[in-house]
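Worth knowing before you read on, the calculation uses all heavy atoms, side chains too, and leaves out hydrogens, waters and symmetry mates.
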Protein chains: 2
Amino acid sequence: MAKKTAPTIYDVARTAGVSIATVSRVLNDPQKVNDETRSSVFEAIRQLGYIPKAEARARAMQQNRRIGVITPYFTAPSFVQRLRGVASALNSTSYELVIYTVESTHKFYRYLETLPINHYLDGLIILSLQFDDLFAQRLLEFGLETVLVEYPHRVLSSVEIDDQAGGRMAADYLLSKGYQRLAFLGDTVIPEFGIHPITLRLAGFRQRLAEAGHPLADKYVHTVPYDVDATRRAARAILTRDDRPDAIFSATDLQAVAILKVARELGLRVPEDLAIMGFDDLDISEYVGLTTVRQHLDESGKIAAELLLSRITNRDRPVQHIQLPLTIIERDTA
Amino acid sequence: MAKKTAPTIYDVARTAGVSIATVSRVLNDPQKVNDETRSSVFEAIRQLGYIPKAEARARAMQQNRRIGVITPYFTAPSFVQRLRGVASALNSTSYELVIYTVESTHKFYRYLETLPINHYLDGLIILSLQFDDLFAQRLLEFGLETVLVEYPHRVLSSVEIDDQAGGRMAADYLLSKGYQRLAFLGDTVIPEFGIHPITLRLAGFRQRLAEAGHPLADKYVHTVPYDVDATRRAARAILTRDDRPDAIFSATDLQAVAILKVARELGLRVPEDLAIMGFDDLDISEYVGLTTVRQHLDESGKIAAELLLSRITNRDRPVQHIQLPLTIIERDTA
DNA sequence: CACTTAATTGAAAGCACTTACATTATAAAC
DNA sequence: GTTTATAATGTAAGTGCTTTCAATTAAGTG
């Protein structure tokens with residue numbers, strides 16, 4: 001009762017009548033100790049008001065068992081699916097997942113500055129954000145293992161896809177199905193911090209069409225803001241023109257779904273009157289039967305996490321740049 | 001360039017040609033050591049980029065505040081939207097977001113046991129998971145501020161909705177639109193750890209129909225597993241019967257979308273031949289134009305986080321049970 | 001009933017430092 | 001020149017915790 005100093009794990013062990021090892025186990029992996037013992041330890045902890053000392057713990061722990069993910073403010077399903085992949089890879093391990101959402105360059109840079117120094121992450125995954133060389137250098141210097149997704153950098157490991165190839169695949173597919181008047185729809189917003197793969201998808205699409213002797217007419221290239229309403233309005237405009245396209249490649253599944261809805265409202269048969277093709281293969285896409293270019297988002301997150309873990313446990317694994325394959329998923333809309 | 005391991009005080013001692021005690025003294029009480037020695041130690045420190053690791057970690061842990069979210073293995077969009085709400089509330093603060101995904105009771109209980117004691121977290125949000133009274137007690141005892149979402153408990157704050165009322169609202173709405181043969185579709189899986197609001201939604205739906213003199217026939221109540229294929233197969237079976245319903249209330253938007261697709265494939269006009277109504281109001285629902293009962297998922301996460309923060313900063317705020325309103329969102333399918 | 005196998009547990013060896021104590025060298029005092 | 005403070009440093013014993021490993025016991029298994 002008259003204890004001046006804060007109770008330690010030893011005190012807990014003594015009053016519970018077990019060894020400190022057991023107390024430690026109760027604190028970190030309760031299932032490893034017998035029910036009875038556990039509850040008596042809990043009782044002792046409660047009785048003494050024991051609080052483990054962070055510093056000692058940090059010292060004894062070789063690792064932090066925490067990995068962080070920096071992601072643009074996650075509103076888009078594609079980020080969510082990537083995160084899901086990361087979470088699933090971490091699930092079988094004892095790593096915690098810390099999420100840093102970024103909604104401004106300022107905040108992103110602040111993370112990039114402090115995280116490597118803080119030393120309380122074992123690894124970092126950065127989703128779809130691009131940054132200065134300087135920061136890459138810093139991450140390296142301070143030894144914070146990092147894996148990039150969707151934005152490659154020489155000195156850091158990354159998981160990416162070939163957006164341009166994806167555009168080409170879409171073109172090939174639509175051409176092979178015999179469509180004549182192909183259109184493209186993508187979003188405009190290039191956030192100050194994010195990256196914009198849409199441009200690349202368009203480039204690939206355009207290139208292949210040109211090669212096939214079906215150059216993409218400028219009037220068939222549409223860029224509109226990402227939101228539902230804008231997309232719908234644009235779709236309506238496109239689809240009510242006299243020379244409306246007979247196939248639309250949307251740089252994003254979400255927008256493709258919006259287009260699909262408008263097409264239905266206009267009484268167009270899909271894919272007979274209008275083919276619609278997306279990019280990503282989100283969860284929804286399966287539900288609505290969208291034909292799309294799959295980039296396997298879940299997988300990208302999972303692989304990024306696995307790559308990271310392997311580098312953490314084995315520091316001299318080489319930096320890798322993994323290129324994920326794209327697949328055409330043929331469903332009902334094209 | 002890349003360090004194998006972070007340098008320790010031993011490394012510094014070795015390269016400076018002194019004992020670790022001296023290095024420690026330089027760090028803690030510099031005037032106790034000779035000028036020359038001191039500067040050579042400093043030199044070694046700079047050269048190795050030495051950072052007292054454990055201490056740094058402990059310090060960082062102390063000043064970085066973090067709140068944790070325990071969520072069932074997040075595959076369902078509804079959890080994601082809730083998380084998004086939490087993240088957005090935390091965004092303006094300096095709190096970090098740590099995510100604990102749960103895919104077994106075992107793991108869940110482990111979190112519940114250790115988190116309150118370890119003092120890593122400043123606050124905890126538990127999404128759609130139910131647990132023993134004992135754990136609630138423990139959370140309380142150890143002073144880990146907690147907010148529950150979708151599973152109320154007397155002693156802990158919570159954010160919830162009235163699922164039964166939601167079922168009633170759906171019934172009222174469909175009846176008011178003049179539909180006659182109403183059906184219900186929900187999922188079966190009651191995971192060992194999760195909770196199952198679907199049952200309540202059905203209860204409310206059934207109750208109101210009975211009250212209105214249109215009792216829900218058993219043959220119109222369908223429970224099928226959550227996945228697309230099973231839902232589709234069920235929908236196809238239901239919609240090809242002679243006495244097919246003219247309206248379906250799906251306990252979940254995701255399943256509603258699947259039903260919608262099947263209806264279209266069968267050439268049914270929606271909502272003329274078949275009305276479809278969902279529950280949740282996911283992002284997708286807007287894209288496909290689904291009429292639904294909105295429970296404002298993002299908002300629930302946001303409110304939970306705000307509630308938590310207010311309790312953290314002001315411990316004597318009372319425990320609150322916030323009931324979120326439900327709204328019918330009328331779109332195109334009913 | 002002997003023989004694996006699995007579940008519990010404690011002893012003890014770290015972890016990265018701090019600090020009391022001992023040792024050595026140096027300079028001042030006699 | 002011996003003695004004695006004094007400063008500078010190293011040795012080694014903690015610090016509070018985690019984790020490996022081996023010992024003990026319980027529970028099947030044929």
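- The base of dC17(D) lies close enough to the side chain of Tyr10(A) for a donor and an acceptor atom to sit less than 3.5 Å apart.
- Along DNA chain D, the nucleotide nearest to Leu27(A) and the one nearest to Val33(B) differ in position, and the one closer to the 5' end is contacted by Val33(B).
- Counting only heavy atoms from C-beta on, Ser24(A) has its side chain closest to dT19(D) among dC17(D), dA12(D), dT19(D).
- With distances taken from any side-chain atom of Ser19(A) to the nucleotides dG10(C), dC17(C), dT15(D), the minimum falls on dG10(C).
- Closest to the side chain of Asn34(B), from the set dT9(C), dA8(D), dG10(D), is dA8(D).
- Side-chain proximity of Thr8(B) to dG10(D), dC17(C), dC17(D): nearest is dC17(C).
- Between the side chain of Asp122(B) and the backbone N or O of Arg66(B), at least one donor-acceptor pair lies under 3.5 Å.
- With hydrogens and angles ignored, the 3.5 Å screen pairs a side-chain donor or acceptor of Asp11(A) with a backbone N or O of Thr8(A).
- Residue-level contact check: Val23(B) touches neither bases nor backbone, having no heavy atom under 4.0 Å from any strand.
- Checked against dT8(C), dG10(D), dT18(D), the side chain of Ala21(B) finds its nearest nucleotide in dG10(D).
- Residues Asn118(B) and Lys32(B) each lie close to DNA chain D; by heavy-atom proximity, the contact nearer the 5' end of the strand is made by Lys32(B).
- Using a 4.0 Å heavy-atom cutoff across all strands shown, Ile20(A) reaches at least one base atom of the nucleic acid.
- The base of dG10(C) lies close enough to the side chain of Arg25(A) for a donor and an acceptor atom to sit less than 3.5 Å apart.
- Nearest heavy atom pair, residue Leu307(B) against residue Ser157(B), reads CD2-CB, 3.9 Å.
- For Thr22(A), the side-chain atoms get nearest to dG10(C) when compared with the rest of dC17(D), dG10(C), dC15(C).
- Phe131(A) and His153(A) have parallel rings, their planes meeting at less than 30° on a 0 to 90° scale where 60° marks the start of perpendicular.
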